[in-house]
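We use all heavy atoms of the structure for the numbers below, so side chains are in, but hydrogens, waters and symmetry mates are not. Chain naming here is simple, since letters A, B, ... match the order of the sequence lines and numbering starts at 1 in each.
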Protein chains: 2
Amino acid sequence: MSALHDHTHCIADALTRADALCTERGARLTALRRRVLELVWSSHRPRGAYAILEDLSQQDGKAAAPLTVYRALEFLVEQGLVHRIESLNAYVGCAAPGAAHSGQFLVCDGCGDAAEIDDPGVGSAIVAAAAERGFHVQRPTVEVRGLCKSCQEKPR
Amino acid sequence: MSALHDHTHCIADALTRADALCTERGARLTALRRRVLELVWSSHRPRGAYAILEDLSQQDGKAAAPLTVYRALEFLVEQGLVHRIESLNAYVGCAAPGAAHSGQFLVCDGCGDAAEIDDPGVGSAIVAAAAERGFHVQRPTVEVRGLCKSCQEKPR
DNA sequence: GTCGCAATGTTATAAAGTAACACACATGTC
DNA sequence: GACATGTGTGTTACTTTATAACATTGCGAC
Ligand SMILES: [Zn+2]
Ligand SMILES: [Zn+2]
Ligand SMILES: [Zn+2]
Ligand SMILES: [Zn+2]
């Protein structure tokens, strides 16, 4: 994700969509969960549970327990509002909640940003490769490490 | 991987190929590293570092330290003899060491087996999707959770 | 209201991974 | 052989990530 964009808009947009989705589904986006979602969205870099915990504690003054964050994250992942990046043990906001998808990520080792894509070619290639071997796909994980456009241009 | 195969052959074969590769490269497959490789290969299920550590300690009587195992695994991964399954924090033997590849896995949630594939369709779809967005791929991670053939047939 | 369940708080613990430093052991040099 | 050098291993302590068990709160259905 380019560093030059109005990220406050990303955050506001994510929260609005989350509100709408949860209302529609009858899921309870409580104050805590909403705040954790906001913190996950603080950037496009996947954020660890303990980093979020720290943010949260800083906001509130008193320290929260890890479980508080993990439970909120679990809810958010279930609702498809947040994805977990397995190779980083970290979480990032979903770019397109609502539609069913499992998340494919281009994770830049330069700036740390994780760009979510939903490439039909990748998806179908995986399903095809699996089908060929009689494997039934439930949850594909695709996390591509490399360098984003802007990090290739300015090395270091 | 079918449960009905001569797995001792898998192990022996993996060790033989590892010996050959390391000799060829001038890499030192020490007794410890070789033993860890053997333990990783004890099945086709990805095995956690601490599980391997336990195996190791059991063999030797005295308990080894985690670092012992992690260092051996690091070497084995560098040499491409073992892959790390990010979504499981576990390690599995490489089915085709020698050739350069990053590993694509069909991980069965029924039996736990991880079948390694190297599907050109999946690989090229990822590179194409990345290129479209100006992203330079270094290390793709593909870990597909689901059910293998035999686990679909006999549910539960 | 009050019953019941879902969400949160609290405390403790497990699992996974790393840092720092000392020692052992090979290999090559003189 | 004595020695220097680099790589692998042992040991201890520690950090980071994640979960278990149980108490408490608070909202919604009736
Ligand atoms: Zn943004
Ligand atoms: Zn998404
Ligand atoms: Zn086998
Ligand atoms: Zn492999």
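Rounding to whole angstrom units, CG of residue L53(A) and P of dG9(C) are separated by 11 Å. Regarding L73(A), its CG atom lies at a distance of 13 Å from the P atom of dT17(D), rounded to whole Å. For the pair L76(B) CG and dT9(D) P, the computed distance is 10 Å after rounding to whole Å. Nucleotide dT8(C) holds its C1' atom 11 Å from the NZ atom of K62(A), rounded to whole Å. Remark: C1' of dA6(C) and CD of E78(A) are 13 Å apart, rounded to the nearest angstrom. Taking atom OH of residue Y70(A) and atom P of nucleotide dA16(C), one finds them 13 Å apart after rounding to whole Å. Between I52(B) atom CD1 and dA16(C) atom P there is a gap of 11 Å when expressed in whole angstrom units. Separating the CZ atom of R47(B) from the P atom of dA15(C) is a distance of 14 Å, rounded to the nearest angstrom.
One finds a side-chain N or O of T68(A) lying less than 4.0 angstrom from the OP1 or OP2 phosphate oxygen of dG9(C).
Of the candidates dG10(D), dT11(C), dT17(D), the closest approach to any side-chain atom of R71(B) belongs to dG10(D). For R84(A), counting side-chain heavy atoms from C-beta on, the closest listed nucleotide (dA18(D), dT10(C), dT18(C)) is dA18(D). The L67(A) side chain lies nearest to dA21(D) when the options are dT9(D), dA18(D), dA21(D). Among the nucleotides dT10(C), dA16(C), dA18(D), the one closest to any side-chain atom of Y91(A) is dA18(D).
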Inset, instruction - May I have the step-by-step check of side chain to side chain donor-acceptor pair (under 3.5 Å) for T141(B) and E86(B), ending in yes or no? - result: CA-CA 8 Å; T141(B) 298; E86(B) 301 289 350; 5.3 Å; no
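Mapped onto DNA chain D by nearest heavy atom, F75(B) and N89(B) fall at different nucleotides, with F75(B) at the one closer to the 5' end. Projected onto DNA chain C by closest heavy-atom contact, L88(B) and A31(A) fall at different nucleotides, the more 5' of which corresponds to A31(A).
Under the stacking definition used here (centres under 5.5 Å, planes under 30°), the residue Y50(A) qualifies as stacked on the base of dT17(D).
With rounding to the nearest 0.5 angstrom, the CG atom of D19(B) is 6.0 Å from the OG1 atom of T23(B).
In this structure, L32(A) reaches the sugar-phosphate backbone alone: every heavy-atom distance under 4.0 Å involves primed, P, OP1 or OP2 atoms, never a base. Nucleic acid contact class of R33(A) (heavy atoms, under 4.0 Å, all strands): sugar-phosphate only.
Among all heavy-atom pairs drawn from V40(A) and G93(A), the shortest one is CG1-N, 3.4 Å.
Applying the 6.0 Å contact sphere to CZ of R45(B) captures no more than 12 heavy atoms from other residues, nucleotides or ligands.
Note on F105(B): it does not cluster hydrophobically with V122(A), by side-chain heavy-atom contacts below 4.5 Å among ILVMFWY residues.
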